[in-house]
Amino acid sequence: MPDPDTPLDFIRQIVADDLRSGKTGGRLHTRFPPEPNGYLHIGHAKAICLNFGLAQEFGGLCNLRFDDTNPTKEEMRYVESIKQDVRWLGFDWGERLYYASDYFEEMYQYALHLIKAGKAYVCSLTPEEIRQYRGTLTTPGKNSPYRERTVAENLDLFTRMRAGEFPDGAHVLRAKIDMAAANLNLRDPVLYRILHADHHRTGSRWCIYPMYDYAHPISDALEGITHSLCTLEFEDHRPLYDWLLDNLPVPYRPRQYEFARLNMTSTVLSKRKLIQLVQEGHVRGWDDPRMPTISGMRRRGYPPEAIRNFCDRIGVGKKDNIVELELLEHCVREFLNRAAPRVMAVLRPLKVVLTNYPEGQVEYLEAINNPEDPTMGTRLVPFSRVLYLEREDFMEEPPKKFYRLAPDREVRLRYAYFIKCVEVVKDREGNVVELHCTYDPETKGGYAPDGRQVKATLHWVSAAHALPAEVRLYERLLTKVNPAEEKNADFKSFINPHSLMVLNPCWVEPSLAGAAVGSRWQFERLGYFCVDPDSTDGALVFNRTVTLKDPWARIKRSQLNTKS
RNA sequence: UGGGGGAUCGUCCAACGGCAGGACAGCGGCCUUUGGAGUCGCCGAUGGAGGUUCGAAUCCUCCUCCCCCAGCCA
């Protein structure tokens with residue numbers, strides 16, 4: 001049971017009340033019902049955490065059920081990716097993996113029941129005619145001319161629909177409710193359509209397929225779902241959900257509750273738009289680290305713990321929302337700060353020669369793997385005469401508040417020595433290509449015996465020992481914070497042309513040799529990085545998961561702003 | 001203009017007739033061998049108008065604004 005001190009969202013409130021009152025026989029049973037027609041994204045993660053989380057918290061069960069009622073859009077590969085993503089997020093459906101298609105026969109029998117009760121009929125209007133007969137938001141619809149077919153005729157036609165006697169679109173089965181209902185969903189909704197299409201699970205066994213509105217309440221009832229949670233746009237469908245359960249001899253009576261779907265800044269979460277990004281090549285695939293998909297986030301290095309924590313923090317309500325991406329990034333940093341070992345890597349190398357360091361000498365310096373967790377131990381990092389430093393860590397004419405290396409200035413190299421820049425080497429165009437520095441042998445380990453201080457500590461790698469790597473940096477995929485706000489514009493015009501930057505070669509410390517694909521590291525002072533599956537034996541590829549918080553970047557920005 | 005929902009700091013979520021609180025973001029201090037992390041502080045909201053009440057974000061009335069619905073998609 002949940003901690004009595006933390007406030008419950010409205011769904012948990014309902015569940016707690018129902019459990020207390022015995023309304024559901026003391027049972028909680030939820031389900032996560034994705035359609036296998038695309039990859040799961042962070043919005044699904046919210047639903048997954050809600051449904052599975054509820055079951056965990058209240059001692060209930062949560063099923064994984066594929067809502068596979070439209071064979072023209074669904075594929076087995078999506079089923080597999082969805083299972084993998086749910087599992088990766090840390091949830092377990094036990095033996096309760098179901099498919100709406102498992103219930104096709106029961107659904108068919110229930111349809112027969114409705115027909116016999118005079119509550120469903122076969123309609124032979126064309127799709128276009130059905131639309132016209134439906135009326136509009138403000139005007140009632142008209143009864144279909146086929147509405148009064150006899151039970152016998154309906155039974156005959158529906159049986160023959162199943163038998164494959166008719167082409168796609170020739171007939172549909174409709175519920176007989178009320179063509180004048182203010183709620184369009186009640187204007188004799190279509191229950192079954194003819195689709196001569198192979199289904200990824202039932203093959204060619206069926207050529208009529210149930211609609212979502214018909215299949216969902218039956219699936220829920222068959223599985224004994226107590227609380228059927230869905231998003232707000234289905235609120236209008238609840239009267240139909242209830243109508244079907246009231247008119248069918250189902251073994252259980254579930255209830256539907258609706259919550260607000262997740263929106264995030266600088267992000268699109270509609271399947272249509274995501275599939276467009278993939279198919280038109282705006283990203284490298286469903287698992288592109290810039291994608292808000294679970295697989296994209298996994299590849300990017302977002303830990304499942306962080307995603308779950310994010311879902312806890314955003315809460316569950318009924319009002320439209322747009323959560324700032326920064327909150328997700330905060331959750332990622334928070335987890336990785338505790339979990340990710342630290343290493344040194346130089347993304348934009350600037351060669352530095354320590355002119356007074358003995359040629360050919362190598363020292364192994366002890367470095368702490370994670371200051372947040374001493375049990376993670378230490379490692380040895382090689383140090384020698386020629387190093388790479390981060391280009392950004394040197395400025396020939398340092399502005400105010402720039403504390404890093406500059407001509408004649410002394411800084412500390414992490415775990416190593418104080419060094420001082422004595423000469424700047426440039427090419428013919430005047431670009432800085434190399435620095436000559438001296439080191440102070442008295443400062444080994446990074447402390448000066450005379451007590452003198454430096455303002456900055458820089459990361460570095462030894463040129464002779466470092467491993468080459470490719471590093472991919474990611475920025476927001478979209479340039480608009482709230483893409484949905486721009487109603488008249490194509491979201492693709494907001495695609496950030498600089499969302500991916502590939503850096504190569506970068507140099508990483510040798511301890512990273514053989515780092516496992518998917519392993520997550522903090523590159524000191526730069527951010528968190530994750531080994532990409534594109535890595536090969538000889539060349540590591542890293543994705544930047546998220547940067548560290550960077551006050552200097554902020555100062556730079558404000559200095560730029562005040563100048564302009 | 002039909003029906004269904006929803007409005008609390010910039011953002012997300014609390015407060016369930018009794019001091020509007022937390023988180024993220026932003027800003028500032030302390031600390032620091034990561035300008036990281038940590039830590040302290042500041043900024044900052046009940047859509048509007050009436051009413052009920054000793055007392056209203058919460059109850060009532062009216063108004064305003066936002067979202068969803070006219071697939072044989074889910």
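For clarity, every value in this text was computed on a predicted model and none was experimentally measured.
Within 4.0 Å (heavy atoms only), A/Leu458 reaches no atom of the nucleic acid at all. Residue A/Glu524 is in base contact, counting any heavy-atom pair closer than 4.0 Å across all strands shown. Nucleic acid contact for A/Glu372: base, since at least one base atom lies under 4.0 Å from a heavy atom of the residue. Using a 4.0 Å heavy-atom distance criterion, A/Pro33 is classed as making no nucleic acid contact. Contact annotation for A/Pro551: backbone-only contact, meaning every heavy-atom pair under 4.0 Å involves sugar-phosphate atoms and none involves a base. Using a 4.0 Å heavy-atom cutoff across all strands shown, A/Met344 reaches no nucleic acid atom at all. In this structure, A/Leu191 reaches neither bases nor backbone, as no heavy-atom distance under 4.0 Å exists between it and the strands shown.
The CZ atom of A/Arg313 sits 13 Å away from the C1' atom of B/A25 (whole-angstrom rounding). To the nearest angstrom, P of B/A74 lies 21 Å from NZ of A/Lys273.
Considering only side-chain N and O atoms, A/Lys319 lies under 4.0 angstrom from the phosphate OP1 or OP2 of B/C13. Contact check, A/Arg193 against B/C73: a side-chain N or O comes under 4.0 Å of OP1 or OP2. Distances shorter than 4.0 Å separate none of the side-chain N or O atoms of A/His459 from OP1 or OP2 on B/U34. Considering only side-chain N and O atoms, A/Lys271 lies nowhere under 4.0 angstrom from the phosphate OP1 or OP2 of B/C73. A/Arg342 has no side-chain polar atom (N or O) that falls below the 4.0 Å cut-off from OP1 or OP2 of B/U34. Remark: A/Thr69 is not in phosphate contact with B/C73, judged by side-chain N or O atoms under 4.0 Å from OP1 or OP2. Side-chain N/O atoms of A/Arg12 include none lying less than 4.0 angstrom from OP1 or OP2 on B/C13. OP1 or OP2 of B/G71 has at least one side-chain nitrogen or oxygen of A/Arg131 nearer than 4.0 Å. For B/C27, the OP1/OP2 oxygens have a side-chain nitrogen or oxygen of A/Arg554 closer than 4.0 Å.
Within the shown strands, nothing qualifies as a pairing partner of B/U46 under the Watson-Crick or G-U definition with both distances less than 3.5 Å. With a cut-off of 3.5 Å on both pairing distances, B/C19 has no Watson-Crick or G-U wobble partner at all.
A side-chain contact (heavy atoms from CB on, under 4.5 Å) with A/Ile194 holds for exactly one of A/Leu173, A/Val172, A/Asp168; it is A/Asp168. Checking A/His41, A/Arg261, A/His44 one by one against A/Leu269, the side-chain contact (heavy atoms from CB on, under 4.5 Å) holds for a single residue, A/His41.
The listed nucleotides are B/C68, B/A74, B/G35; the one nearest the side chain of A/Asp550 is B/G35.
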Does A/Tyr528 form a ring pair (Phe, Tyr, Trp, His ring centres under 6.0 Å) with A/Phe523? I'd like the steps, not just the answer.
CA-CA 6 Å; A/Tyr528 297 98; A/Phe523 290 179; 9.7 Å; no

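Under the 90° criterion around 0 for the glycosidic angle, B/G71 counts as syn.
Residues A/Glu223 and A/Arg31 are not paired through a salt bridge, judged by the lack of any N-O separation under 4.0 Å between the basic side chain and the carboxylate.
Taking the six-membered ring where tryptophan is involved, the planes of A/Trp552 and A/Phe402 are perpendicular, since the angle between them exceeds 60° and thus also 30°.
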